[in-house]
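The sequence lines fix the lettering, A, B, ..., with proteins before strands; numbering per chain opens at 1. No experiment lies behind these values; they were computed from the predicted model shown.
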There are 2 protein chains.
Amino acid sequence: MPETSPLALLARKLSGHVALSSDDFAAVLALPCQIRTLDPSTYLLREGDPPLQCAVLLSGFAYRQKLTGEGARQIVSLHVAGEALDLQSLYLDVADHNIQTLTRAEVALVPRAALRELIQQRPAVAHAAMISVLVESSISREWTLNIGRRDAQARLAHLLCEVAMRLDAQGLAGPDGYDLPMTQEQLGDALGLTAVHVNRTLKTLESAGLIVRNRRHVRIPAWNLLRDVGDFTGRYLHIGPQHA
Amino acid sequence: MPETSPLALLARKLSGHVALSSDDFAAVLALPCQIRTLDPSTYLLREGDPPLQCAVLLSGFAYRQKLTGEGARQIVSLHVAGEALDLQSLYLDVADHNIQTLTRAEVALVPRAALRELIQQRPAVAHAAMISVLVESSISREWTLNIGRRDAQARLAHLLCEVAMRLDAQGLAGPDGYDLPMTQEQLGDALGLTAVHVNRTLKTLESAGLIVRNRRHVRIPAWNLLRDVGDFTGRYLHIGPQHA
DNA sequence: GAATTGACCTAACATAGGTCAATCAATTTT
DNA sequence: AAAATTGATTGACCTATGTTAGGTCAATTC
């Protein structure tokens, strides 16, 4: 089946957790949508706004972010191509966080009503969407643990492992590492650290031989070592079909 | 309608966000369940186990928790009476976190299959369950922000405000404050701090007149002040019906 | 090709919060 | 009621991380 629809990526992602019938699959592909190419740092949703559309990330990276009253930024989740960004606010009146592109990115904008209708009419799609939300919750819990209870080195190692594994699961990581599209300031915002300390910590990991960097490219020469330093286990990512 | 079923609390909670028909409401009440009274610190679910039942908290408090490889504990969410604890793992094969009672608590144990069936057959219930999961996700994001980007005083003030507002929304808070059922060590585990520092910070809040403590009882004499110190806004709790 | 910009990097210093250890107070057990 | 346990409190000290203030370099822009 040629992937003519821009939503093929989404359909594939959804069917990664639950078997979708070919009808279900086709219905996802048939969702109405507009394609947009967005510059880095473009807002897709702003806290306080009513969510009107559901963006699906077709290429590039995006993140969710919140600000304190004093203007400090915390990145609360990262997203790679294929993920639906607005399931989190699909049934809520007002957005509780901001969504921004990290890199230049293509998105498909699906009208909220169309997606809700699809979910209401197709239990298997609803099931898949629910799992997708639950997995995101699980990742959010692990981030809370990471930020609350691990030191800077473990935190950073953990994040690098997570990104590596998630890219790998989407077939987006080469065998020689991956391009991490975040500045050190953004890494700090994701980890609850300052950019300065991220820099120091990257240097530490590098000189310990745990990572090899070349500009934004990261290679992990000994997965087991970085995994141990980062106290990383992929279980919370719930990769693969959920049978039970 | 007399609340004969122990699940009345759950049904009320679900219908807090979405209108349920009386049929839907009755179907929730008719779920098969076993009632248990549990001691403090009893495990309801363990990381790595397959979730087989869905616990609904009828009275008392519970929390979700994760441990690092070194044994540090992070409480990742708090739960008050009326909340369903296992929607988070209802569609996942393996639990990614632990759930424990905080106080002595009564729970209703609903077989996983029964709940899934109900959700599959009643779109309004599915809708309500989804919202309940989404609200929990939103709270999780705010916790990440709180732990990652606020200092100890703001963190603690924020948590105290959140608990006050959630108890109030459930009608569980008196006009003269509430009983916070957590030890200072548990507060630390929820905030990414040590018990010692929680103690110091409580003292600071107290001597600034922002809270009044008597044993575990907390009163907030000037809501606006504590709210400002904690940089708290209740928006992320998404209290009330979601119309859109 | 000078100026500007954004990201990376470094060093010196400051501090919020952690660690350790002791004491006290309240509650439960014997 | 002694003893034991659990949690709260406090003090002295330490360290991981933040802050400030600058550098270097490469990529754009004028």
Quiz item: Considering only heavy atoms from C-beta outward, does the side chain of Ser41(A) approach that of Gln100(A) to under 4.5 Å?
Solution: yes

Self-check item: Residue among Ser140(A), Ser89(A), Ser77(A), Ser137(A) satisfying side chain to side chain contact (heavy atoms under 4.5 Å, CB included) with Ser137(B)
Solution: Ser137(A)

Quiz item: Reckon Arg213(A) touches a base, only the sugar-phosphate, or nothing at all at heavy-atom distances under 4.0 Å?
Solution: sugar-phosphate

Practice problem: Grab the two heavy atoms, one from Ser132(A) and one from Leu87(A), that are nearest each other, plus how far apart they are. | Solution: OG-CD1, 3.6 Å

Quiz item: Can you check the Leu102(A) CG to dA7(C) C1' distance for me, whole Å?
Solution: 14 Å

Quiz item: Gln184(A) has an atom CD; how far is it from atom C1' of dC25(D), in whole Å?
Solution: 14 Å

Quiz prompt | Interatomic distance where CG belongs to Leu202(A) and P belongs to dA7(C) [whole Å] | solution = 15 Å

Quiz item: Glu185(B) has an atom CD; how far is it from atom P of dT5(D), in whole Å?
Solution: 17 Å

Exercise. Indicate the atoms forming the closest heavy-atom contact of Pro181(B) with Thr103(B), along with that distance.
Key: CB-CG2, 3.4 Å

Self-check item: From Leu145(A) atom CG to Leu67(B) atom CG, the distance as rounded to the nearest 0.5 Å
Solution: 8.0 Å

Exercise. Identify whether the distance between the nearest side-chain nitrogen and carboxylate oxygen of Asp179(B) and Arg215(B) falls below 4.0 Å.
Key: no

Exercise. Could you check which residues of residues 143-161 of chain A get a heavy atom under 4.0 Å from DNA chain D? Sort them by number, please.
Key: Asp151(A), Ala152(A)

Quiz item: Closer than 4.0 Å, any side-chain N/O of Arg216(A) to the OP1 or OP2 of dA7(C)?
Solution: no

Practice problem: Would you jot down, in residue-number order, the residues of residues 186-200 of chain B having a non-hydrogen atom under 4.0 Å from DNA chain D? | Solution: Val196(B), Asn199(B), Arg200(B)

Quiz item: Taking only N and O in the side chain of Arg215(A), is any of them less than 4.0 Å away from OP1 or OP2 of dC9(C)?
Solution: no

Practice problem: Assess the side chains of Tyr236(B) and Glu47(A): does a donor N or O sit below 3.5 Å from an acceptor N or O? | Solution: no

Quiz item: Where do Gln88(B) and Arg141(A) land on the side chain to side chain donor-acceptor pair (under 3.5 Å) test, with the steps shown first?
Solution: CA-CA 11 Å; Gln88(B) 290 291 333; Arg141(A) 286 187 287 268; 3.0 Å; yes

Quiz item: Is any side-chain N or O of Lys203(B) closer than 4.0 Å to OP1 or OP2 of dA8(D)?
Solution: no

Practice problem: Would you please classify the geometry between the Phe232(B) ring and the His158(B) ring as parallel, tilted or perpendicular, with 30° and 60° separating the classes? | Solution: perpendicular

